[in-house]
S.K.: 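Here's a structure for you.
Note that these values count all heavy atoms, side chains included, but never hydrogens, waters or copies made by symmetry. All residue numbers in this chain count up from 1 along the given sequence. Just so you know, ligand 1 is whichever comes first in the structure, and atom 1 is the first atom listed for that ligand.
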Amino acid sequence: MRKKPLDSASKPVENFVEHPKTLAELRAGIVAGITKAADLAASYYERIAQKNPRLNVYLSLTKERALAQAARVDDAAAKGDPLGPLAGIPVGIKDVLVMRGAPATAGSKILQGYRPPYDATAVSRLEAAGAVLLGKINCDEFAMGSSNENSAYGPVRNPVDTERVPGGSSGGSAAAVASNMAVATLGSDTGGSIRQPASFCGVVGVLPTYGRVSRYGLIAFASSLDRVGPFASNVRDAATMLSVIAGHDPHDATSSPAPVPDYAAESDQGVERLRIGVPAEYFAEGLDPEVRACIEAGITALQAAGCTIKPVNLPHTKYAVPVYYLIATAEASANLARFDGVRYGPRSKDSATLADMYRHSRDEGFGAEVKRRILLGTYALSAGYYDAYYLKAQQVRRILAEEYLRAFNEVDAIVTPTAPTPAFKLGEKTGDPLAMYLADIYTVTASLAGICGVTVPCGATKAGLPVGMQVLARHLNESTAFRVARAVEAAKL
Ligand code: GLN
């Protein structure tokens, strides 16, 4: 047999994957006094020191705060005081969520040096539950992107294969869990930014219902779409995280007053007799055959677990990507107007006039993708185009949402691939923004509709790249999505 030439394809894959213990196991050790939260935090910082130089996940560490919190947990454990659901659990925070006194860059140069004076609600709830906050995690600039290559601080590498992207925009949050540089993390999802990177890195990611988790302290991208949600290595841990961060917040007028269930306990309920919808529109042209095979195996596993599988129709799905990119860019152009070199971040030097100072500060501070979106969004909102683009997009958004609600009259959950392909190579799509946008096809519709979902690992390609299944459920039905995801996880595909 002829030997293959030594090309880049035969280079061994560099892999940093490491599975953390489960949150419940770690917490039990801390409660019993077998594990010290301080030692656990130290071991995570050691692992970060080893892996971060290669993976570029953490942008800054919040060691002082983490160690103080760990000490508080250890004291409480020693005294036998009651401990929170996340006692001593090392957690990382996407750098679009603010933490008091810690740098908050949103992956952008324009926020360099900004240290917010307050905590995001999701962050303070984690801490109140006993979590140890390790640091701030890399992401695409202002959460705009699908590969993490838009960060002003360099791309994150995928722990499964360092030549590949971790997905985006919360690529660092997914990579942190996959490489065990955190037990769980927070990310944000506007059009897929939790689900797609979780799928690319082989971890669990949650898109909570719009309004389920407060956006207070989340640096805004597109306010009618932005959600905060958790990543974890398994479904139950992700459910525990969501119960901690969810719930009404007077600081966010769009936050839901609905009571917060114990999602982890509810996820134990099994899936027997659940009706699972499979939309043909999500299995059409453009879906990688290996991804399709994984998702089909997942659907077979659900059937074996006692679910009924039903076809459902979501015929307007093809409009979701253009609608999303109209609405998201329009809202972004308004939200990003506040970055002007005056209130936050660096100011351009030597400008003769105020207008010049704004222009130069924004020109120097924003990256190419952010500028592209501000331009697109400003155009869509401008007089004469508003009705043709923005208003039309809002009308189609309503139709997309109604289509889901109709489907949910017949099924309890809908399953789809999370992304059309597994993780792609670094640099593969950077020259073609449209190709990058089109790959968001399976995630943006749920974003527009406001419904919830979970992405769960569902097998891998022959090359070992993880594939995620997206499980969608109707508004405030996270528990159903968790139950289905648990069944897929249990199948060990
Ligand atoms: N990839 C999508 C975008 O670039 C989604 C980003 C997100 O969810 N924050 O807009």
S.K.: For the atom pair OG1 (Thr105) and CD (Glu141), what is the distance rounded to the nearest 0.5 Å?
M.R.: 9.0 Å
S.K.: When you measure from the side chain of Glu478 to the backbone of Thr209, do you find a donor-acceptor pair of N or O atoms at a distance under 3.5 Å?
M.R.: yes
S.K.: Please walk me through it: do Ser179 and Arg157 pass side-chain hydrogen bond (donor to acceptor under 3.5 Å, both in side chains)?
M.R.: CA-CA 11 Å; Ser179 61; Arg157 288 173 183 271; over 6 Å; no
S.K.: Which atoms of ligand 1 are found less than 4.0 Å from any heavy atom of Ala143?
M.R.: 6 (C), 7 (C), 9 (N)
S.K.: Pick, from Met436, Glu369, Arg373, the option with the minimum heavy-atom distance to atom 4 (O) of ligand 1.
M.R.: Arg373
S.K.: A quick test of your reading: do over 12 heavy atoms of other residues, nucleotides or ligands sit less than 6.0 Å from OH of Tyr319?
M.R.: no
S.K.: Answer yes or no: does an N/O atom from Gly192 fall short of 3.5 Å to an N/O atom of ligand 1?
M.R.: yes
S.K.: Once you round to the nearest 0.5 Å, how far does CG of Asn15 lie from CG of Asp161?
M.R.: 8.0 Å
S.K.: Using a strict cut-off of less than 4.0 Å between a Lys/Arg side-chain nitrogen and an Asp/Glu carboxylate oxygen, indicate whether Arg100 and Asp119 qualify as a salt bridge.
M.R.: yes
S.K.: With a heavy-atom distance limit of 4.0 Å, tell me whether Tyr325 approaches ligand 1 through its side chain, its backbone, both, or neither.
M.R.: side chain
S.K.: Should you measure from each heavy atom of Ser169, which atoms of ligand 1 turn up under 4.0 Å away?
M.R.: 9 (N)
S.K.: Would you say Arg54 has more than 12 foreign heavy atoms packed within less than 6.0 Å of its CZ?
M.R.: yes
S.K.: Using heavy atoms and a threshold below 4.0 Å, how should the contact between Asp440 and ligand 1 be classified: side chain, backbone, both, or neither?
M.R.: side chain
S.K.: For ligand 1, is there an N or O atom under 3.5 Å from any N or O atom of Gly145?
M.R.: yes
S.K.: Output the list of atoms in ligand 1 that are nearer than 4.0 Å to some heavy atom of Phe221, sorted by atom number.
M.R.: 9 (N), 10 (O)
S.K.: Is the closest heavy atom of Tyr324 to ligand 1 under 4.0 Å?
M.R.: yes
S.K.: Identify, for atom 7 (C) of ligand 1, the protein heavy atom at the shortest distance, and state residue, atom and that distance.
M.R.: Ser193 OG, 2.3 Å
S.K.: Below 4.0 angstrom from a heavy atom of Gly191, which ligand 1 atoms are there? Numbered from 1 as shown, please.
M.R.: 5 (C), 7 (C), 8 (O)
S.K.: Is the distance from the ring center of Tyr390 to that of Tyr385 below 6.0 Å?
M.R.: no
